[in-house]
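Working notes for the structure below.
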Amino acid sequence: MDKFRVRFAPSPTGPLHIGGARSALFNYLLARKHGGTFILRIEDTDLERSSRESEQNIMDSLRWLGMDWDEGPDKGGPFGPYRQTERLGTYRSYVDRLLAEGKAYLCYCTEEELAAEREALMTKVELPRYLGRCRSLTQGCRERLEAEGRKPVVRFLVPEDQTVVVEDRVRGQVAFETNGIGDFVIVKSDGIPTYNFAVVIDDATMEITHVIRAEEHLSNTPRQILIYQALGLPLPEFAHISLILGKDRTKMSKRHGSTSVVQYREQGYLPQALVNFLALLGWAPEGEEEIFSMEQLVDRFSLDRVAKNPAVFDMDKLLWLNGYYIRQAPLEEVTRLALPYLQAAGYVGGEVSHVQMEWLKHLVGAVRKGISHLAEIPARTALFFTNELTYSAEAQRVLQEEQVPMVLNTLKEKLAVTPMTEEGVKGMLKTLAKELKLGGKQVYMPIRAALTGEVHGPELFDIIPLLGVEECARRLDSAVALVTGP
RNA sequence: GGCCCGUUGGUCAAGUGGUCUAAGACACCGGCCUUUCACGCCGGUAACAGGGGUUCGAAUCCCCUACGGGUCACCA
């Protein structure tokens, strides 16, 4: 194959959906694998719902995920423009051809008339579709209707008794009968083409070689093929990937929780984790390895191993995968990513000094093991930023033990002469238990409870240096005061 | 409802007629590690939707049924 051109063609009617991101990813991966071209095309023919905001969101999300395009509305390219509303002239010439050749016609039916027709067919238990009432209007008829102020749409004349076969790279041959397809609208009354028409013209004129998109488009494909044929345009290869389903096995929607890429971004998912996860949804690698960087995915991805069946979005696995990436990534990077969450919680100011940064790295390193996404950071680190510790029920119980005041006071003394390093604290803690002749649990649990208010948490040898001698002393005193009474 | 796609453990999935007494991952359960939780390590429970064929032999091929999904817009 001398040329490999694929596209991701979202309609900018909302933030980038997780399913859209996966479609984009599959296209991107294949383009990079084959040294081809990845094109971003904005399908904004729905004037009502499209917005530049959404377009921007989609581009930001794609970039955040690590997908860059070679041609697109923002960077141009030899086949532009890349926004459908800017290609109206192109569509017009093709529509005129269809009209001139009698392969399409004007239709003046009103919405009410169409609704009535649909209703009638439904009650007769027939396929609801357009029956072709305006197929052969006379010139006079047309003039009268236009005089009434009716704006026509253009309908494609669907040939009868034909079988259209979609050659699909993931599904094989899929046949459709044209009799089940009514003459469909290709240009709306406002002069804007519909999706089914614009997509064909764009894919053809942009010389797209492989159309890889979600399965919901499979049923539309025969319509599109009919247009390709009517215009004598070469067909691209098609590949329809299955949908992503929610837990209840219906198409993933807001009801299932977060569906847009930005939401995951905001909750502190790493783009690498999301990409890895999305790739595994509907595609299976050859070996048993499941952790892949974008580069590795580019290397291994192939349409042959894309599944036909829909996949349920498994939040548990995403959480695990994200936690895995958080644990694996360089501490420096995770800290940088965690910073905004700490700032939003008011724990850290806008300016971060070098010393503070080192402290933050230590902090993040101490808590990263137990989290699956960065949004958990504030809750996990709250104890380091509070002046008034609250003690959990278990912590209070632990502090009631009789040896506690003695343990805490001894610790306080030792702290003053202990180097605030992991090793220093570790050694001090060890000798403390030995000198006191107490079981580990009897000394370490009270310390933990006094210092954090909890019975679970990071390692003591992380907590103590992080808190510092003074703060530790303060907390120790508070705890002692609490149990010995005023 | 018509058309189209799909159906391997709770989830993602490997498997393309014999090597399947069916892999791996997440989740779950148990153990180890850890004087906490987690992480990590080790182990375990758990599946070919049902029924007919074809075949010496079927998770793999065909048919039917059931179930799930998609689509039938002047949305994409």
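All heavy atoms count here, side chains included; hydrogens, waters and symmetry mates do not. Each chain gets a letter, A, B and so on, in the order its sequence line appears, and its residues count up from 1.
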Select base, sugar-phosphate, or nothing to describe what [X] touches, counting heavy atoms under 4.0 Å on all strands.
X: A:Arg155; answer: sugar-phosphate
X: A:Ala175; answer: sugar-phosphate
X: A:Tyr444; answer: base
X: A:Glu289; answer: nothing
X: A:Asp190; answer: nothing
X: A:Pro10; answer: nothing
X: A:Arg448; answer: base
X: A:Ser242; answer: nothing
X: A:Val455; answer: base
X: A:Lys441; answer: base
X: A:Ser219; answer: base
X: A:His240; answer: nothing
X: A:Val312; answer: sugar-phosphate
X: A:Glu290; answer: base

Going by atom types only, do A:His240 and A:Arg171 share a side-chain donor-acceptor pair under 3.5 Å?
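There is no such pair (donor and acceptor under 3.5 Å, judged by atom type) between the side chains of A:His240 and A:Arg171.
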[N] phosphate, OP1 or OP2: any side-chain N/O from [X] under 4.0 angstrom?
X: A:Arg305; N: B:G15; result: yes
X: A:Arg213; N: B:A76; result: no
X: A:Arg327; N: B:G40; result: yes
X: A:Lys251; N: B:G68; result: no
X: A:Thr45; N: B:A76; result: yes

Shortest non-hydrogen contact from A:Ala329 to A:Val334?
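So the minimum-distance heavy-atom pair works out to CB-CG2, 3.6 Å.
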RNA chain B: A:Leu281 or A:His456, which has the more 5' nearest nucleotide?
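By nearest-heavy-atom nucleotide position, the 5'-most residue is A:Leu281.
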Quick one: do A:Glu435 and A:Lys437 make a salt bridge, cutoff under 4.0 Å?
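Between A:Lys437 and A:Glu435 there is no salt bridge, as every charged N stays at least 4.0 Å from the carboxylate O atoms.
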Decide if the gap between the ring center of A:Phe26 and the ring center of A:Phe301 is smaller than 6.0 angstrom.
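They qualify: ring centres under 6.0 Å apart.
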Checking contacts here: which listed nucleotide (B:A14, B:C37, B:A76) is nearest the side-chain heavy atoms of A:Ala284?
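Of B:A14, B:C37, B:A76, B:A14 is nearest to the side chain of A:Ala284.
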Closest to the A:Val185 side chain, choosing from B:C74, B:C12, B:C75
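Nearest listed nucleotide: B:C74.
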Could you check whether the side chain of A:Asn309 and the base of B:A13 have a donor-acceptor pair of N or O atoms closer than 3.5 Å, going by distance alone?
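Counting by modelled atom types and ignoring angles, no donor-acceptor contact under 3.5 Å is found here.
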Would you state whether a donor and an acceptor, one from the side chain of A:Glu215 and one from the base of B:G6, lie under 3.5 Å apart?
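Checked by distance alone, the answer is no.
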Using 30° and 60° as the class limits, which term best fits the ring planes of A:Phe38 and A:Tyr28: parallel, tilted or perpendicular?
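Answer is perpendicular, since the angle exceeds 60°.
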